[in-house]
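The structure under discussion appears below in the form of structure tokens.
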Amino acid sequence: MKGFFDYVPGSSYLHRLNPLTKLLLALMICIAAFISANHLFLVMLIVLNLGIGAQAGIFTRSVMLLKGLLKLCIIIFLLQVLFIRDGNVLVKLPLNIFITDGGISSAFMVVFRLVTATMPLALMLSITQINDLSNVLVTKLRIPYPYAFALTTAIRFIPVFANEMTGIIEAQTSRGVQLDTRNIFKKIKLVLPLCVPLLITSVRKIEGSAISAELRGFHLRTKNSCYKKYAVNINDICVIMISVVIVGSAILVNSIF
Amino acid sequence: MIHIENLSFRYKNGRKPALDNISLTIHEGEFLGIIGGSGAGKTTLSYAINGVIPHHFPGDFYGSVKVANTDTFDTTPGRLSLKIGSVLQDIDSQMVSSVVEDEILYGLENFSVPGDEIEERLLSALEAVGILPLRYRAIDSLSGGQKQKVAIAAIIALRPKVLILDEPTSELDPKSSEQIFDLLKELNEKYGITIVVIEQKIMLLSEYVKKLAVMDKGRIILSGNVRDVLGHSSELEEIGIHCPRVVSLSNSLRDRGADVGGVWINLDEAEAGIRRLIYD
Ligand SMILES: Nc1ncnc2c1ncn2[C@@H]1O[C@H](COP(=O)(O)OP(=O)(O)O)[C@@H](O)[C@H]1O
Ligand SMILES: [Mg+2]
């Protein structure tokens, strides 16, 4: 998890967009992914995600993200293949399990969708400063500041917790606890107790953050407190139009094929 | 400026009181150091001063804390923060932003500092702690010490009348620690800011602060001028605070009847004192 959500400074075209535009683009790609029922279109969206990563100078991170999703994808793929029985039977397995062409097709669809819908949010967070996001949510979308703060704090703490978890796992491993077992159930049984200390430190940290915000005038903040201005310029309009086109294409492709 | 009277506090889920009948007065313009082993109640005391206790942590609260004649019980930490700037112990949770610049801006924005003043305050705060080049860096990419400097800059930018810092140099190297204390000294002497600093490094503290309070098990067991407090090095030793050797030396000479003429707190003083003892 570490390193998928934390901000990567930069000055690329995408970095310089209005945070709302980036959020919109990410959401539109997600929506397109859920609407689309076309394998090729979904693959193209994945390529688009990678392209976005490349443009923003975080291509390696995008690839890592894909790799990170791979395990989950394989599990979901297998479940889909084994339990969906639509279409023609290709292979008959014991225990009354069938592998069908419909199952395979739908498995690919679900996996592609999962990837397409996960990547944009992670990429968006990588190139957007969390405070900018919170500021536009408050000033432009009129979301009450406490909610925006809660949301951005949660996002900000993901890498912190991931770090903490790595630390705990390392500490346990160095004490001889065998965590790298292949048996997934065994692993869950070993890792679960470690989540308790993680939960405790998490609560502590979030509490600390709330105190810190409070001690710097959290309650004094108003809609107009924000110092930076977030203009919408021609680049934003272009990207907004592209986002709409992406969703439109998803619908169009669905209706044609 | 800060007036604490018979303050006791027990956290809701704590067995023993974290603060046990504390009385302490901090005058305007004072530079006070608080020292004590871990778990002594230092952080809790700082929370009692900035209003986090009793407003954020529930528990049994007895006694009173007044800051600039306002009882902390009757106000909120948010309103108190206009007077008291707090640098917390846990640096990671102190941060509310992902970029250094935003971290400094946060309080300035909340306090409605006028736009044309913000940039200047931002720059001078970064400059004061020596992290101007870090302005656009991601906070995740900073070292613990750098984060500590960011946290301090974020509070200094708010220009509070009272500054309370909880172990602000715990992750800093000796040189940076001195740099921070030099800055605190300057704020104290030049702008008359009242400073309360919690610190484990007694050497560093005694060189800068004028007054010391020593905490153990929720109580203040010693307090007063630095030299008076350091005169009790064996009591300090008992609660795990190791005084500089010259301090212990002058105290044990004194206890054996030698006229050391006040505690020696650095090598120069020790040298002068020993010369006097030998030649007089
Ligand atoms: N949130 C809390 N809930 C319950 N007990 C606490 C809490 N925070 C601190 N304590 C307890 O209060 C005592 C004083 O802690 P603290 O003020 O953090 O000490 P110090 O800062 O001197 O290390 C300790 O015994 C600690 O375990
Ligand atoms: Mg503490």
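Sequence lines set the chain letters: A, B, ... in the order given, protein chains first and strands last, and positions in each chain run from 1.
- When each of A/Cys226, A/Gly217, A/Gly208 is scored by its heavy-atom pairs under 4.5 Å with chain B, the top score falls to A/Gly217.
- Of the two parts of B/Gln89, neither the backbone nor the side chain holds a non-hydrogen atom closer than 4.5 Å to a non-hydrogen atom of chain A.
- Contact annotation for B/Ser86: only side-chain heavy atoms (C-beta onward) come within less than 4.5 Å of a heavy atom of chain A.
- Separating the OG1 atom in A/Thr153 from the CE atom in B/Met95 is a distance of 13.5 Å, to the nearest 0.5 Å.
- With values rounded to the nearest 0.5 angstrom, A/Ile211 atom CD1 is found 12.5 Å from B/His55 atom NE2.
- Environment of CG in B/Asn69: sparse, with no more than 12 heavy atoms of neighbouring residues, nucleotides or ligands closer than 6.0 Å.
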>> Using the rule given for side chain to side chain contact (heavy atoms under 4.5 Å, CB included), can you reason through A/Tyr7 versus B/Val99, listing the C-alpha separation, both sets of side-chain angles and the distance that settles it, and then say yes or no?
In response: CA-CA 8 Å; A/Tyr7 174 66; B/Val99 174; 3.6 Å; yes

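- Remark: B/Lys217 NZ is loosely packed, at most 12 non-hydrogen atoms of other residues, nucleotides or ligands lying under 6.0 Å away.
- Around the OH atom of A/Tyr13, the shell of radius 6.0 Å holds more than 12 heavy atoms that belong to other residues, nucleotides or ligands.
- How far OH of B/Tyr106 is from OG of A/Ser134: 8.0 Å, rounded to the nearest 0.5 Å.
- At a 4.5 Å heavy-atom cutoff, the contact between B/Val96 and chain A is made by backbone and side-chain atoms alike.
- Heavy atoms of B/Asp102 lying under 4.5 Å from chain A belong to its backbone as well as its side chain.
- With chain A as the partner, the residue from B/Ser93, B/Pro160, B/Gly85 showing the most heavy-atom pairs under 4.5 Å is B/Ser93.
- A donor-acceptor pair under 3.5 Å links the side-chain atoms of B/Glu109 to the main chain of A/Tyr227, judged by distance alone.
- Sorted by first and then second residue, the salt bridge (charged side-chain N to carboxylate O under 4.0 Å, His left out) pairs involving residues 130-155 of chain A (not counting sequence neighbours) are A/Asp132-A/Lys228.
- Note: B/Ser98 leads B/Ser98, B/Gly78, B/Ala138 in heavy-atom pairs under 4.5 Å with chain A.
- Counting non-hydrogen atoms of neighbouring residues, nucleotides and ligands closer than 6.0 angstrom, the CZ atom of A/Arg204 reaches no more than 12 such neighbours.
- Between atom CD of residue A/Glu214 and atom CG of residue B/Asn50 there is a gap of 10.0 Å, rounded to the nearest 0.5 Å.
- Neither the backbone nor the side chain of B/Ile139 comes within contact range of chain A, judged by heavy atoms closer than 4.5 Å.
- Within a 6.0 Å radius of NZ in B/Lys83, other residues, nucleotides and ligands contribute more than 12 heavy atoms.
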>> Assess the residue pair A/His219 and B/Arg79 against the criterion (side chain to side chain contact (heavy atoms under 4.5 Å, CB included)); give the C-alpha distance rounded to whole Å, side-chain angles, the decisive distance to 0.1 Å, and a yes or no.
In response: CA-CA 9 Å; A/His219 286 296; B/Arg79 238 173 277 136; over 6 Å; no

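- More than 12 heavy atoms of other residues, nucleotides or ligands shown are found within 6.0 angstrom of NZ on A/Lys205.
- When heavy atoms are compared at a cutoff of 4.5 Å, B/Leu82 approaches chain A solely by way of its side chain, counted from C-beta outward.
- Contacts of residues 110-122 of chain B with chain A at a heavy-atom distance below 4.5 Å involve B/Asn110, B/Phe111, B/Gly115, B/Ile118, B/Glu119, listed in sequence order.
- Most heavy-atom pairs under 4.5 Å with chain B, from the set A/Asn131, A/Leu220, A/Thr222, A/Val8: that is A/Asn131.
- Looking only at heavy-atom pairs under 4.5 Å with chain B, the residue among A/Pro9, A/Ser225, A/Ala213 that has the most is A/Ser225.
- Residues A/Arg216 and B/Leu158 have side chains in contact (heavy-atom distance under 4.5 Å, counting atoms from C-beta outward).
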